Amino acid sequence: MQLITWNVNSINVRQPQLEALLKDAAPDVVGLQEIKCETAQFPFDAITQLGYYAVASGQKSYNGVALISRDEPIDVSVGLPNYEDAQQRVIAATINGVRVVNVYVPNGQEVDSEKYAYKLAWLDAFHEYLADTLAQYDTVVVMGDFNIVPTDNDVYAPELWRDKILCSPPERAAFEGLLSLGFQDALRIFATNDPLFTWWDYRQGQFEKDEGMRIDHFLLSNAASARMMRAKVYKEIRALERPSDHAPVAIYLKD
DNA sequence: ATGGTGGGATCCCCA
């Protein structure tokens, strides 16, 4: 079972790349973030024609998430029940017996800004939501753009980014708090020192210099991590013309 | 040097 997470930064622009990914990689589940369209504008028909189900939670201009799957998504839920939020950031469903949570965590903009306070409060609510999810489901996969660099090994210049947004200690503590609920950071299950960057800023030619960060993650419950086989970063898709600033990231679970 | 790039909106916001 291949599951992919991808911040597309506008489904309207990235739809051809998504269709190619579905055809070429034939994933079982894809979680999209930043679709940047209203739910009704999401390209359900094109995805259905490729043999997939799709559910989405969108809004005008910003944010928005979607789940695409070979098998029918069951018990679809949108948003956090414990946090009133106009921003569409969470969609979850049970697919082929796996509870899949697809998330777009707030960026936070800058440490000590209003958006940073929103990010930390939002992560508190997300923590509670995942605790409830683990209480209800055995096999849980949380995927998405977490907008958090877990450790200094996940950023091209740790000293430059020390205490900055995406790397600040409170953000890292929130990420560790999620893991402490009973999740594994899937890309680090098999010990590797590879940075495994998933995002490169459009500015200053950072992709060409490989100045990236690992901010897109999979969190696996114990039952899910027992099935972990391998991971893959689709860096070649970040290298295409007119790319998203995020690469798709995949994990493969034993069937 | 107070910028860089790209998306979506509208005459700027967000990442």
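Throughout, a chain's letter reflects where its sequence line sits, starting with A, and its residues are numbered from 1. Because the structure is a prediction, the values reported are computed rather than measured.
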ask   = Can you list the residues that meet the ring pair (Phe, Tyr, Trp, His ring centres under 6.0 Å) rule with Phe207(A), with sequence neighbours excluded?
value =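 Result, ring pair (Phe, Tyr, Trp, His ring centres under 6.0 Å) vs Phe207(A): Trp200(A).
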### Query
Who pairs with Phe44(A) by ring pair (Phe, Tyr, Trp, His ring centres under 6.0 Å), at least two apart in sequence or on another chain?
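Phe44(A) satisfies ring pair (Phe, Tyr, Trp, His ring centres under 6.0 Å) with Phe42(A) only.
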- Tell me the side-chain hydrogen bond (donor to acceptor under 3.5 Å, both in side chains) pairs involving residues 74-85 of chain A, sequence neighbours left out?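 Sorted result for residues 74-85 of chain A: Asp85(A)-Tyr118(A), Asp85(A)-Trp122(A).
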What residue pairs, at least two apart or across chains, pass side-chain hydrogen bond (donor to acceptor under 3.5 Å, both in side chains) with a residue in residues 90-102 of chain A?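 Qualifying pairs, neighbours excluded: Gln33(A)-Asn102(A), Asp71(A)-Asn96(A), Thr94(A)-Arg99(A).
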Next on the checklist: Classify Tyr104(A) by what it touches in the nucleic acid, base, sugar-phosphate, or nothing, heavy-atom distance under 4.0 Å.
Outcome noted: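 Sugar-phosphate, backbone atoms only, no base.
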Flag this pair as yes if the NZ/CZ of Arg70(A) is under 6.0 angstrom from the six-membered ring centre of Tyr52(A) and inside a 45 degree cone about the axis; otherwise no.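 Yes.
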- Task: Walk along DNA chain B from 5' to 3' and tell me the first and last nucleotide with an atom closer than 4.0 Å to a non-hydrogen atom of chain A.
- Result: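 Here the contact window of chain A covers dG4(B) to dA15(B).
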Original post:
Tell me, which of residues 4-16 of chain A have any heavy atom that sits under 4.0 Å from an atom in DNA chain B?
Top reply: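 Close to the strand are Asn9(A), Ser10(A), Asn12(A), Val13(A), Arg14(A).
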Using the [atom1] atom as the reference point in each nucleotide, state the distance between [N] and [M] in Å, no decimals.
N	M	atom1	result
dC11(B)	dT2(B)	P	26 Å
dG3(B)	dC12(B)	P	15 Å
dA9(B)	dC14(B)	C1'	10 Å

Which other residues belong to the hydrophobic cluster containing Tyr62(A), where Ile, Leu, Val, Met, Phe, Trp and Tyr are joined when side-chain heavy atoms lie under 4.5 Å apart, directly or via other members?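 Under the 4.5 Å side-chain rule, Tyr62(A) groups with nothing.
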Hydrophobic clusters join Ile, Leu, Val, Met, Phe, Trp and Tyr when side-chain heavy atoms are under 4.5 Å apart, directly or via other members; which others share one with Tyr53(A)?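 Under the 4.5 Å side-chain rule, Tyr53(A) groups with nothing.
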Which residue lies toward the 5' end of DNA chain B, Gln87(A) or Gly205(A), if each is placed at its nearest nucleotide?
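With Gln87(A) and Gly205(A) compared, the 5'-side residue is Gly205(A).
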Starting at the 5' end of DNA chain B, which residue's closest nucleotide do you reach first, Asn147(A) or Gln204(A)?
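So the residue in question is Gln204(A).
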Practice problem: Identify, with sequence neighbours excluded, every residue that meets side chain to side chain contact (heavy atoms under 4.5 Å, CB included) alongside Pro195(A). | Solution: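 Phe197(A).
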Set of residues satisfying side chain to side chain contact (heavy atoms under 4.5 Å, CB included) with respect to Lys23(A), sequence neighbours excluded:
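Lys23(A) satisfies side chain to side chain contact (heavy atoms under 4.5 Å, CB included) with Leu50(A) once adjacent residues are dropped.
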Read 5' to 3' with Watson-Crick or G-U pairs under 3.5 Å, [ ] for crossing pairs and | for partners on another strand, DNA chain B gives ....((((...))))
Once salt bridge (Lys or Arg N to Asp or Glu O under 4.0 Å) is applied, do any residues pair with Arg188(A), and if so which ones, sequence neighbours excluded?
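Listed in chain order: Asp154(A).
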Task: Distance in Å, Glu34(A) CD paired with Ser10(A) OG, rounded so as to fall on 0.5 Å steps - done: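 Interatomic distance, Glu34(A) CD to Ser10(A) OG, rounded to 0.5 Å: 9.5 Å.
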